[in-house]
Asks: 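Got a structure here, written out as structure tokens. Questions coming.
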Amino acid sequence: MKSPCIIALDFQSRKEVEVFLKEFPNECLSVKIGMELYYSEGPAMVQMLKTAGHEIFLDLKLHDIPNTVRATMKQLASLGVDMVNVHAAGGTKMMRAAMEGLKEGTPIGKKRPICIAVTQLTSTSEEQMQKEQWIEKPLADTVVHFAKLAKESGLDGVVCSALEVPMISQAVGKDFCTVTPGIRMQTASMDDQVRVVTPDEARRLGSTYMVVGRNITKAENKKEAYTQIMKLWEEAKT
Ligand code: C5P
């Protein structure tokens, strides 16, 4: 994907998306379609955004038996999206199957979508992970473990907090893609995110892409918010 800033289109309907995109005339953006939008508007939403020239991260976080994930990824690749994801907890067999499905479904002459893994959701606390998932390890170790499994399975990267990027890069290499939500212009305004970083911090920590939702979609001047976020990223020294 070309832009380091992926805008999370956390909207319920195509209509809301169209109103938002009016603020960005003639601009090719990188956008994220999540479950809410995909389950309400379906593949037609992907087609509309593609036709308008935008790059798409389809954030459906697949987690099922390998055969189902392979078949589903084949379908998603045929839609022509640029990035997809799975839960690493689905296991190496499932992740390998996801990659096979993507390769099978990518139209000839097109690029295979980037496939990244969710390690532990950033909404999961260490206490919850230990009590409910019965994983008796520190959360950070689990994140690195899942990143290693994703790499072994041939995936391109992980979704994680920017604060986790240095330890992931150290464990699996700097060329492993890291996609980082929890970005705020001012770290004081957190909404429901637990750990947030600014765009320049995210870049210095080594993020490949940042995912930004409300700081752009709920801003009074959305275009200006996007431009400022990109400026902070561009100016940050790596
Ligand atoms: O509005 P905000 O910038 O917090 O939105 C972040 C986006 O990234 C949302 O679409 C959210 O679902 C997504 N996300 C996240 N944390 C993860 C994975 C995805 O916040 N671990």
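All heavy atoms count here, side chains included; hydrogens, waters and symmetry mates do not. One-based numbering, in listed order, for ligands and for the atoms of each. Along the sequence shown, the residues carry numbers beginning at 1.
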Asks: Testing the 3.5 Å rule here: is there a donor-acceptor pair between the side chains of Glu201 and Thr198?
Replies: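 There is such a pair between these side chains.
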Asks: Assess whether a salt bridge exists between Lys131 and Glu127, defined as any Lys/Arg side-chain N lying under 4.0 Å from an Asp/Glu carboxylate O.
Replies: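 Looking at Lys131 and Glu127, the cut-off is met.
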Asks: Who's closest to atom 8 (O) of ligand 1 heavy-atom-wise, of Ser161, Pro181, Cys160, Gly34?
Replies: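 Minimum heavy-atom distance to atom 8 (O) of ligand 1 goes to Pro181.
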Asks: Distance under 4.0 Å to a non-hydrogen atom of Thr122: what atoms of ligand 1 satisfy this?
Replies: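 Near Thr122, the atoms of ligand 1 are 16 (N), 17 (C), 21 (N).
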Asks: Strictly by modelled atom types, are Ser30 and Ser3 linked by a side-chain donor-acceptor pair under 3.5 Å?
Replies: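 Checked: Ser30/Ser3 side chains show no N/O donor-acceptor pair below 3.5 Å.
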Asks: Side chain, backbone, both or neither: which part of Asp10 comes within less than 4.0 Å of ligand 1 when only heavy atoms are counted?
Replies: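 It is the side chain that touches ligand 1; the backbone stays farther off.
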Asks: Can you confirm whether more than 12 heavy atoms, excluding those of Gln170, are under 6.0 Å from its CD atom?
Replies: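 Incorrect, the count does not exceed 12.
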Asks: Which pairs with one or both residues in residues 51-87 pass ring pair (Phe, Tyr, Trp, His ring centres under 6.0 Å), sequence neighbours excluded?
Replies: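 Counting only pairs at least two positions apart or across chains, the ring pair (Phe, Tyr, Trp, His ring centres under 6.0 Å) contacts touching residues 51-87 are His63-His87.
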Asks: Using a 4.0 Å cutoff against the non-hydrogen atoms of Val211, which atoms of ligand 1 qualify?
Replies: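 What qualifies from ligand 1 is 7 (C), 8 (O).
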Asks: Show which atoms of ligand 1 fall inside a sub-4.0 Å distance from at least one heavy-atom site of Gly213.
Replies: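 Close to Gly213: 1 (O), 2 (P), 3 (O), 5 (O).
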Asks: Tell me whether Asp59 has any N or O atom under 3.5 angstrom from an N or O of ligand 1.
Replies: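 No - when backbone and side-chain N and O of Asp59 are compared with those of ligand 1, no distance drops under 3.5 Å.
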Asks: Find all atoms of ligand 1 within a distance of less than 4.0 Å from any non-hydrogen atom belonging to Arg214, and give their numbers and elements.
Replies: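 This gives 1 (O), 2 (P), 3 (O), 4 (O) as the contact atoms.
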Asks: Sequence neighbours excluded, which residues qualify as side chain to side chain contact (heavy atoms under 4.5 Å, CB included) partners of Thr124?
Replies: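 In terms of side chain to side chain contact (heavy atoms under 4.5 Å, CB included), with neighbours along the sequence ignored, Thr124 is linked to Gln120, Leu121, Gln128, Met129, Gln133.
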Asks: Has Lys32 got any heavy atom lying under 4.0 angstrom from an atom of ligand 1?
Replies: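 Yes; Lys32 lies near enough to ligand 1 that a heavy-atom distance drops under 4.0 Å.
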